[in-house]
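One-based numbering, in listed order, for ligands and for the atoms of each. Values below: every heavy atom of this structure, side chains too, minus hydrogens, waters and symmetry copies.
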Amino acid sequence: MSIRYGHLPTAGPSLNGPRLARRVVVLGASFIGLEVAAALRSRGIEVHVVAPDKQPLGRVLGPQMGDFIRTLHEKKGVVFHLEEIASSIDGNDVKLRDGDTLAADFVVAGIGVRPRTGLAETAELATDRGVLVNSFMETSMPGIFAAGDIARWPDPHTGDNIRVEHWVVAERQGQTAALNMLGKGEKFTAVPFFWSQHYDVRINYVGHAERWDEIVVEGDVAARDCLLRFKSGGRVLAAASISRDIENLMIEVAMEHGMAAS
Ligand SMILES: Cc1cc2nc3c(=O)[nH]c(=O)nc-3n(C[C@H](O)[C@H](O)[C@H](O)COP(=O)(O)OP(=O)(O)OC[C@H]3O[C@@H](n4cnc5c(N)ncnc54)[C@H](O)[C@@H]3O)c2cc1C
């Protein structure tokens, strides 16, 4: 059976001026989609989130934090359509794969980005889902540097070549690249970190874990007082916390000093 959620008047300016949006469909249940959802719910707008994931943020933060985030947003009135994708958008209608239709005044797509490496490939720089750089942010072509979202660098903390999309990483990599253009010979060793705000809850994340074999939970996620360590082979690759800023900073410092954070 296919269901149609909501009926909206035709989009466009009303006699009293521009029509205010009442309902939005957010595509994607990761950081951008959910921060947008929180901001819109705070403004009283009805929000439907459509995403292929089993849990919001589960791929990055694991099932414990994923469950918490889902409950948090649902309590604020967000309606999730998980393990689902949009198959088409036609005017005010977002059609889902299962046949349901969601009415929306506007749609926000927070479905991730893919680096455009065409220019680098034309210049014959080595690429791998980004532009490959060494620890000095120099590409395979001496004298050409890359930094920020486009760069995949050898991360000393995980031992992997990683690419991250965080503001502070981009800034710091730019600084390192600039110093190395001036011949300073400085390695990029900073530990990635970011935070994500959902209503009155802030999640702090430090490190980088694309995969893990264990999540050690300290405290109580539902009580908004927790520290989660993402471990692989007994090593902490990353940590996520709520209301535990000091512990989070201590893990960052340990990682920066090349100590295996425990
Ligand atoms: C909606 C959104 C929310 C985000 N929120 C957060 C957040 O809360 N915290 C966080 O840490 N990060 C966040 N990020 C990620 C953060 O914005 C990026 O990591 C950061 O902007 C990367 O900086 P950058 O300089 O590498 O790339 P960009 O900021 O994308 O800058 C690239 C620049 O290069 C220009 N450009 C592209 N191609 C060419 C070309 N051929 N020639 C010349 N110029 C070119 C572009 O026009 C652009 O000006 C967010 C990103 C988005 C999209």
Protein contact of [atom] - nearest heavy atom, named by residue and atom, plus distance:
atom: atom 40 (C) of ligand 1; answer: Leu119 CD2, 4.9 Å
atom: atom 16 (C) of ligand 1; answer: Trp167 CE3, 3.9 Å
atom: atom 15 (C) of ligand 1; answer: Glu165 O, 3.6 Å
atom: atom 50 (C) of ligand 1; answer: Ile32 CD1, 4.4 Å
atom: atom 25 (O) of ligand 1; answer: Ala170 CB, 4.6 Å

Is there at least one protein heavy-atom neighbour under 4.0 Å from [atom]?
atom: atom 6 (C) of ligand 1; result: no
atom: atom 18 (C) of ligand 1; result: yes
atom: atom 12 (N) of ligand 1; result: yes
atom: atom 2 (C) of ligand 1; result: yes
atom: atom 23 (O) of ligand 1; result: yes
atom: atom 29 (O) of ligand 1; result: no
atom: atom 52 (C) of ligand 1; result: yes
atom: atom 37 (C) of ligand 1; result: no

*Would you give the length of the straight line joining atom CZ of Phe80 to atom NE2 of His73, rounded to the nearest 0.5 angstrom?*
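One gets 5.5 Å once the value is rounded to the nearest 0.5 Å.
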
_Rounded to the nearest 0.5 Å, what separates atom CD1 in Ile150 from atom OG1 in Thr117?_
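The OG1 atom of Thr117 is 6.5 Å from CD1 of Ile150, to the nearest 0.5 Å.
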
_Is there a continuous path of hydrophobic side-chain contacts, each under 4.5 Å between heavy atoms, that joins Leu227 to Phe68?_
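No.
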
Pair [X], [Y]: side-chain N/O donor-acceptor within cut-off below 3.5 Å:
X: Ser196; Y: Glu35; answer: yes
X: Ser241; Y: Asn204; answer: no
X: His208; Y: His157; answer: no
X: Glu186; Y: Asn180; answer: no

*asked:* If you count every heavy atom of other residues, nucleotides or ligands that lies below 6.0 Å from Asp128 atom CG, does the total exceed 12?
replied: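 Above 12, so yes.
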
*Relative to each other, are the rings of Tyr205 and Phe194 parallel, tilted or perpendicular (30° and 60° limits)?*
parallel

*His198 and Phe31 aromatic ring geometry - parallel, tilted or perpendicular at 30°/60° bounds*: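 Tilted.
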
_Within ligand 1, which atoms have a heavy atom of Gly148 less than 4.0 Å away?_
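Ligand 1 atoms under the 4.0 Å threshold to Gly148: 26 (O).
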
*Which atoms from ligand 1 have a heavy atom of Asp149 less than 4.0 Å away?*
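So the answer, numbered in order with elements, is 18 (C), 19 (O), 20 (C), 22 (C), 26 (O).
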
_Criterion salt bridge (charged side-chain N to carboxylate O under 4.0 Å, His left out) against Asp200, the qualifying member of Arg224, Lys75, Lys76_ = Arg224

*Does Trp195 reach ligand 1 with a nitrogen or oxygen that is under 3.5 Å from one of the ligand's nitrogen or oxygen atoms?*
no

_When you compare ligand 1 with His166, is there at least one nitrogen or oxygen pair between them that comes in under 3.5 angstrom?_
yes

